[in-house]
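In what follows, a structure is listed as structure tokens, so that the remarks can point back to it.
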Amino acid sequence: QYTLSSVKTLVDQHYIEKLSASNTGSFDPGYNNTGAIITFGAAQGTTVNDVMIDVNGKVTFNTKGPYNIQQIYYGQAAVNNIPILNFKTVKNGSTQIGPTSSTRFVSANSLERHRIEINTLIDAIAGEYYHFWMQNPTSGAAGQLAGQVTDAAWGTDIPSAQLIITKLQ
């Protein structure tokens, strides 16, 4: 049997942003089948925060619980090229979490950006860490992640890679 108080507690839950990190430069994983760990700018947070990230892209969860990981990327390639960009999330250095995400697009010009968005829900255990990988396989054309500058300083510049982590509370 549910009480009004227990239902209210359940309904009042919502996601709170715990980390927002971005890379404003370009990111090139190499044109090979190996891939590379994506970086998201400067280190943020410490062990007293729910989530922290280091300069090498390692995200550590310091507090257990349900999290939503939102990855936003902007792919770019040379004119008339068709790159393939693959993405995966790896827990504790060895276990892939969720499916591989892949995109293939035709680049109309070098200023065009192709938005890629990946959302992953996890139930983190304190102390576990994640890396976010990107591959640009040789079966497609060379591609990378590239940011975009807004004209006339109209708004903030668009990062090549952005990571937003929220926690259900």
Side-chain angles (χ1 to χ4, degrees), residues 15 17-45 51-61 66-124 128-151 153-168:
Y15 280 95
E17 185 175 291
K18 296 297 179 175
L19 179 79
S20 180
S22 61
N23 184 343
T24 55
S26 62
F27 180 80
D28 187 345
Y31 182 52
N32 56 51
N33 294 328
T34 305
I37 294 169
I38 302 167
T39 56
F40 297 93
Q44 294 183 41
V51 183
M52 63 186 188
I53 187 170
D54 71 16
V55 70
N56 298 312
K58 179 181 178 182
V59 173
T60 303
F61 291 87
Y67 291 87
N68 180 46
I69 303 171
Q70 182 182 19
Q71 303 169 62
I72 303 168
Y73 304 114
Y74 287 91
Q76 184 262 341
V79 177
N80 295 324
N81 278 351
I82 305 173
I84 297 170
L85 304 177
N86 297 324
F87 300 88
K88 69 178 179 178
T89 300
V90 176
K91 179 175 80 170
N92 294 333
S94 61
T95 306
Q96 181 172 336
I97 300 300
T100 301
S101 295
S102 185
T103 188
R104 179 179 181 269
F105 60 94
V106 177
S107 180
N109 67 60
S110 61
L111 295 177
E112 182 178 2
R113 301 294 184 264
H114 180 77
R115 181 181 168 104
I116 303 115
E117 186 169 340
I118 303 164
N119 288 297
T120 308
L121 296 172
I122 64 165
D123 192 13
E128 67 186 18
Y129 66 91
Y130 290 73
H131 285 105
F132 304 92
W133 283 78
M134 177 183 169
Q135 178 199 48
N136 180 204
T138 55
S139 56
Q144 64 178 356
L145 301 179
Q148 185 78 35
V149 175
T150 57
D151 291 336
W154 181 84
T156 58
D157 292 342
I158 300 160
S160 61
Q162 184 174 16
L163 188 66
I164 301 168
I165 299 177
T166 56
K167 184 176 189 291
L168 185 62

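Starting from 1, each residue takes its place in the sequence as its number.
- One distance of note links NZ of K88 with NE2 of H131; it measures 12.0 Å at 0.5 Å rounding.
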Run the numbers on L145 and N23 for side-chain contact (heavy atoms from CB on, under 4.5 Å), then give the verdict.
CA-CA 10 Å; L145 301 179; N23 184 343; over 6 Å; no
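- The backbone N or O of I97 lies less than 3.5 Å from no partner atom in the side chain of T89, so there is not a single donor-acceptor pair.
- The minimum heavy-atom distance linking S139 with I84 is given by the pair OG-CD1, 3.7 Å.
- Using a 3.5 Å distance cut-off with no hydrogens or angles, the side chains of Q76 and Y74 do not pair a donor with an acceptor.
- Looking only at side-chain heavy atoms (C-beta outward), F105 and L85 come within less than 4.5 Å of each other.
- The 12-atom threshold is exceeded at CZ of R113, counting heavy atoms of other residues, nucleotides or ligands nearer than 6.0 Å.
- Within the model, atoms CZ of R104 and NE2 of H114 stand 11.0 Å from one another, a figure rounded to the nearest 0.5 Å.
- P66 has its side chain out of reach of L121: every pair of non-hydrogen atoms, C-beta onward, lies at least 4.5 Å apart.
- Between T100 atom OG1 and W133 atom CH2 the span is 12.5 Å, to the nearest 0.5 Å.
- Considering all non-hydrogen atoms of both residues, L19 and Q44 come closest at CD1-OE1, 3.6 Å.
- Not a single side-chain contact (heavy atoms from CB on, under 4.5 Å) links S94 to another residue, sequence neighbours left out.
- The two residues N86 and S102 have their closest heavy-atom pair at OD1-OG, 2.6 Å.
- When all heavy atoms of I38 and A161 are compared, the closest pair comes out as CG2-CB, 4.0 Å.
- Taking every heavy atom of both residues into account, Y129 and K58 meet most closely at CG-CE, 3.4 Å.
- A side-chain donor-acceptor contact under 3.5 Å links N136 to the backbone of A141.
- Side-chain atoms of S107 come within 3.5 Å of backbone atoms of N109 as a donor-acceptor pair (strictly under, hydrogens ignored).
- Taking CD1 of I53 as the start and CZ of F40 as the end, the distance is 6.0 Å to the nearest 0.5 Å.
- Of the residues listed (D123, V51, V59), the one engaging Y67 in a side chain to side chain contact (heavy atoms under 4.5 Å, CB included) is V51, and it is the only one.
- E128 contributes no side-chain N or O that, together with a main-chain N or O of F61, makes up a donor-acceptor pair within less than 3.5 Å.
- When atom types are taken as modelled, the side chain of N81 and the backbone of P83 share no donor-acceptor pair closer than 3.5 angstrom.
- A distance-only check finds no donor-acceptor pair linking the side chain of S101 to the backbone of F87 [under 3.5 Å].
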Show every donor-acceptor pair shorter than 3.5 Å between a side-chain atom in residues 24-31 and any protein atom, with sequence neighbours excluded, or say none if there are none.
from: D28; atom 1: OD1; to: G30; atom 2: N; distance (Å): 2.9
from: Y31; atom 1: OH; to: T138; atom 2: O; distance (Å): 3.4
from: Y31; atom 1: OH; to: G140; atom 2: O; distance (Å): 2.5

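- Pairing each heavy atom of N32 with each of Q135, the nearest pair is O-CG, 3.9 Å.
- How far CD1 of I72 is from OG of S160: 12.0 Å, rounded to the nearest 0.5 Å.
- The residue from I122, T120, T60 that alone fulfils the side chain to side chain contact (heavy atoms under 4.5 Å, CB included) condition with Y130 is I122.
- Q70 pairs in a side chain to side chain contact (heavy atoms under 4.5 Å, CB included) with only one of the listed residues (T166, I165, I118, I164), which is I164.
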